[in-house]
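See below for the structure under consideration.
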Amino acid sequence: MVKRYEFEGAEVRALVEESRAAAERLMTEAQRYLAAGIDIHAEQAEWNGEVDHPGTGAEPGLWLMNDRGVYLRSNARKRDDDSVAWARGFRGEVAVEDEPTCEFIGAATLDPVKPGDTLVVTLDERKVRLSLIRPD
């Protein structure tokens, strides 16, 4: 099933700058596994359930989250809890019936986004696609 979310360009830009300015950035769970040398795609990964990695040191970027609505947040370790960009129509009070998701989107990928643009994030089972809608 394909899911589509739209975000305000100005809000996305602010979050990217927040991430770039951060002294320390957090990793997603998947990034922590990879940094610890765990092949998360292996059929039979040898893993005891613990990840021996501090979870910091990520490159600048944003997390696409759906634990309370659908939103983007920076991966800055120190940030305001309300420093997020909500997807249109998916604010915190809107239930999202999927499993919780945290997808990393690198800041460099988001460099073309400008205030006034709409960032469109399309997800399917295997891919995250980004596109822009520019005002006329």
Side-chain angles (χ1 to χ4, degrees):
M1 182 171 143
V2 176
K3 298 167 196 138
R4 176 187 161 112
Y5 306 107
E6 295 184 3
F7 299 89
E8 296 293 330
E11 294 175 354
V12 173
R13 290 284 351 127
L15 293 173
V16 168
E17 295 312 314
E18 177 181 84
S19 177
R20 284 197 167 122
E24 194 170 33
R25 289 177 288 279
L26 300 172
M27 293 181 169
T28 64
E29 187 174 3
Q31 287 173 315
R32 288 183 62 216
Y33 291 150
L34 293 172
I38 299 168
D39 183 355
I40 60 175
H41 299 292
E43 204 166 299
Q44 287 222 328
E46 290 191 29
W47 174 54
N48 65 5
E50 297 292 319
V51 177
D52 185 21
H53 194 278
T56 58
E59 67 179 271
L62 305 184
W63 294 353
L64 174 67
M65 310 278 297
N66 73 341
D67 59 336
R68 52 183 174 93
V70 178
Y71 60 97
L72 292 169
R73 60 155 281 188
S74 84
N75 62 348
R77 182 180 187 118
K78 294 183 180 179
R79 54 175 281 283
D80 292 333
D81 287 341
D82 62 345
S83 180
V84 300
W86 295 102
R88 290 184 189 141
F90 291 91
R91 291 195 72 81
E93 62 274 5
V94 175
V96 179
E97 301 197 18
D98 294 346
E99 292 224 1
T101 297
C102 180
E103 295 289 340
F104 178 77
I105 303 170
T109 304
L110 298 167
D111 282 343
V113 179
K114 297 180 182 353
D117 290 347
T118 298
L119 173 66
V120 179
V121 179
T122 308
L123 297 158
D124 64 27
E125 297 81 33
R126 298 181 328 167
K127 293 182 183 176
V128 177
R129 293 184 178 98
L130 306 176
S131 58
L132 291 175
I133 299 173
R134 290 243 153 94
D136 292 334

Would you please indicate if the ring centroids of Tyr71 and Phe90 are separated by under 6.0 Å? no
Out of curiosity, Asp67 CG to Thr101 OG1, how far, rounded to the nearest 0.5 Å? 9.5 Å
Between Asp111 and Arg20, is there a salt bridge with N-O shorter than 4.0 Å? yes
Donor-acceptor contact present, side-chain Arg25 to main-chain Ala76, <3.5 Å: no
With side chains defined as the heavy atoms from C-beta onward, is the minimum distance between Arg73 and Arg79 less than 4.5 Å? yes
Can Leu130 be reached from Val113 by stepping across I, L, V, M, F, W or Y side chains whose heavy atoms are under 4.5 Å apart? yes
Distance check, rounded to the nearest 0.5 Å: Lys114 atom NZ versus Arg13 atom CZ? 8.0 Å
Distance check, rounded to the nearest 0.5 Å: Arg134 atom CZ versus Asp117 atom CG? 4.0 Å
For the pair Asp124 and Lys3, evaluate salt bridge (Lys or Arg N to Asp or Glu O under 4.0 Å) and give the outcome as yes or no after the intermediate values. CA-CA 6 Å; Asp124 64 27; Lys3 298 167 196 138; over 6 Å; no
Using 0.5 Å steps for rounding, measure from the CH2 atom of Trp86 to the CZ atom of Arg91. 6.0 Å
Are Val12 and Val120 linked, directly or through other ILVMFWY residues, by side chains that come within less than 4.5 angstrom of each other? no
Can you tell me how far the OH atom of Tyr5 sits from the CG atom of Leu64, to the nearest 0.5 Å? 7.5 Å
Shortest non-hydrogen contact from Gly61 to Asn75? O-OD1, 3.0 Å
Quick one: do Thr118 and Glu8 satisfy side-chain hydrogen bond (donor to acceptor under 3.5 Å, both in side chains)? Show the steps, please. CA-CA 5 Å; Thr118 298; Glu8 296 293 330; 5.2 Å; no
Nearest heavy-atom neighbours spanning Ile105 and Leu72: CD1-CD2, 4.2 Å
From Ser83 OG over to Glu11 CD, what is the distance, rounded to the nearest 0.5 angstrom? 10.0 Å
Partner of Glu103 under side chain to side chain contact (heavy atoms under 4.5 Å, CB included), picked from Thr28, Asn66, Val128, Val121, is Val128
In this structure, would Phe7 and Leu132 fall into the same cluster of hydrophobic residues linked by side-chain contacts under 4.5 Å? yes
Which pair of non-hydrogen atoms, one from Gly106 and one from Glu59, has the smallest distance, and what is that distance? CA-OE1, 4.2 Å
